[in-house]
Amino acid sequence: MGRREKPIEATEPALGRLAAWLREQRERSDLTYRQLAVRTNYHATTLQRAASGRTVPNWKVVEAVTRECGGDLKTARRKWAQANYWAHVPRPSGTRRLRAPRRVDPQQVDSFADLRRAMHEMRRKADWPSLKELDRRARDKGRRLPASTLALVLKGEAPLHKPVFLTYMEACEVREVRRALWAAAWERTNNARTPVPVNSRTHHSEFARAMQSSSGGTSTDILFRLWVTLRNSLAADRAEDPGHRAAAGREGTDDNPPVPV
């Protein structure tokens, strides 16, 4: 009789369920890790690590174990995709997620972090294709999604440009209607981040509307950006006003010293 396996200590519930399912398949088939290693051509240590719950195993390993143990490949793929998805979704450092985060609604998005989270969800629904596979699908349509660039985008370490976002959605086979909603969400988020220059009266009305609807869910981040934009626009209007420049010049003379604020 072999040594008893260590308890599963997964940081994500989905990863723990995958590890437990792999152990159940092996035990049901009455095979040791060494016997599985011979049949799958994977080292016994690799197979043990796959069922430990510490990290998400490679799909090929999960597939090989499932086949040799007579398990259901569709179930294996579903459990692996869920574990892989939750392992990639950002979460507060040092915490353990007990439930799924709220679903991202394209009409409620107000940050690029939300857009990236939606990208992870799109990839999960597409059965978690690899980054290389996404690039291959993009190339088939005459575009590119370099795996190295996409990895940085998904981690938030590179900017999410609109062409990349649109190509990614198409590669993940997101429906056209949904792609249109997400494209509008990207435009809205980008415009909030880098507002189009308009006169201060327009900014003032936008800010007033945002303040009136703040109790309805407008984020503090958006309100702050509107306030900064309004302040800068007012400063620009004063700088372009000849009367204001003349008054500012008189304040700086010896006869008219500036009044301390």
Side-chain angles (χ1 to χ4, degrees), residues 1-101 116-117 119-140 145-155 168 171-173:
M1 183 176 179
R3 290 185 302 173
R4 190 173 183 179
E5 288 190 83
K6 294 181 180 179
I8 296 172
E9 296 182 3
T11 56
E12 293 287 355
L15 182 55
R17 289 193 291 270
L18 173 63
W21 189 81
L22 287 173
R23 291 187 178 190
E24 179 185 337
Q25 301 308 301
R26 185 188 64 79
E27 291 169 359
R28 183 175 56 81
S29 63
D30 200 25
L31 293 172
T32 65
Y33 283 112
R34 288 186 179 181
Q35 291 171 329
L36 265 180
V38 173
R39 296 188 180 196
T40 61
N41 290 325
Y42 285 104
H43 197 279
T45 303
T46 301
L47 300 176
Q48 286 179 308
R49 190 182 301 117
S52 68
R54 291 193 293 271
T55 58
V56 180
N58 185 285
W59 163 244
K60 294 295 184 182
V61 175
V62 175
E63 182 182 33
V65 171
T66 305
R67 286 185 185 279
E68 292 303 326
C69 294
D72 181 58
L73 283 176
K74 288 186 178 180
T75 301
R77 183 72 185 188
R78 186 181 71 252
K79 289 182 177 295
W80 177 84
Q82 290 174 348
N84 205 13
Y85 169 67
W86 289 118
H88 286 81
V89 174
R91 61 186 172 86
S93 178
T95 64
R96 184 173 185 269
R97 196 187 341 265
L98 298 178
R99 64 181 64 181
R116 288 187 174 88
R117 211 168 85 231
M119 291 173 74
H120 287 294
E121 178 67 17
M122 294 171 192
R123 193 176 172 197
R124 182 189 70 80
K125 289 183 177 180
D127 205 10
W128 207 261
S130 68
L131 299 185
K132 289 184 178 180
E133 170 62 17
L134 290 174
D135 186 30
R136 186 195 65 75
R137 295 179 186 179
R139 288 200 308 271
D140 287 345
L145 274 177
S148 57
T149 301
L150 188 55
L152 294 176
V153 169
L154 291 172
K155 291 178 183 177
Y168 178 90
C172 287
E173 300 177 347

**Prompt:** Any chance CG of D30 has more than 12 other-residue heavy atoms, nucleotides or ligands included, within less than 6.0 Å?
**Reply:** no
Rounded to the nearest 0.5 Å, how far does [atom2] of [Y] lie from [atom1] of [X]?
X    : Y    : atom1 : atom2 : value
E68  : N41  : CD    : CG    : 9.0 Å
K155 : L150 : NZ    : CG    : 11.0 Å
E173 : L134 : CD    : CG    : 10.0 Å
Y168 : L145 : OH    : CG    : 9.0 Å
N84  : K79  : CG    : NZ    : 15.0 Å
Y42  : R49  : OH    : CZ    : 13.0 Å

Side-chain heavy atoms of [X] within contact of [Y], under 4.5 Å:
X    : Y    : result
R137 : E133 : yes
L131 : L154 : yes
V56  : W80  : yes
R23  : I8   : yes
D72  : T66  : no
R136 : R139 : yes
R26  : L47  : no

Using only atom types and a distance under 3.5 Å, with no angle test, would you say the side chain of [X] pairs donor to acceptor with the backbone of [Y]?
X    : Y    : answer
R28  : C69  : yes
R116 : V153 : yes
R123 : P129 : yes

Contact summary for [X] and [Y], nearest pair of heavy atoms:
X   : Y   : result
G53 : L15 : O-CD2, 3.1 Å
A19 : S52 : CB-C, 4.2 Å
A64 : T40 : O-CG2, 3.8 Å

**Request:** Look at R67 together with E63 and state whether they make a salt bridge at an N to O cut-off of under 4.0 Å.
**Result:** yes
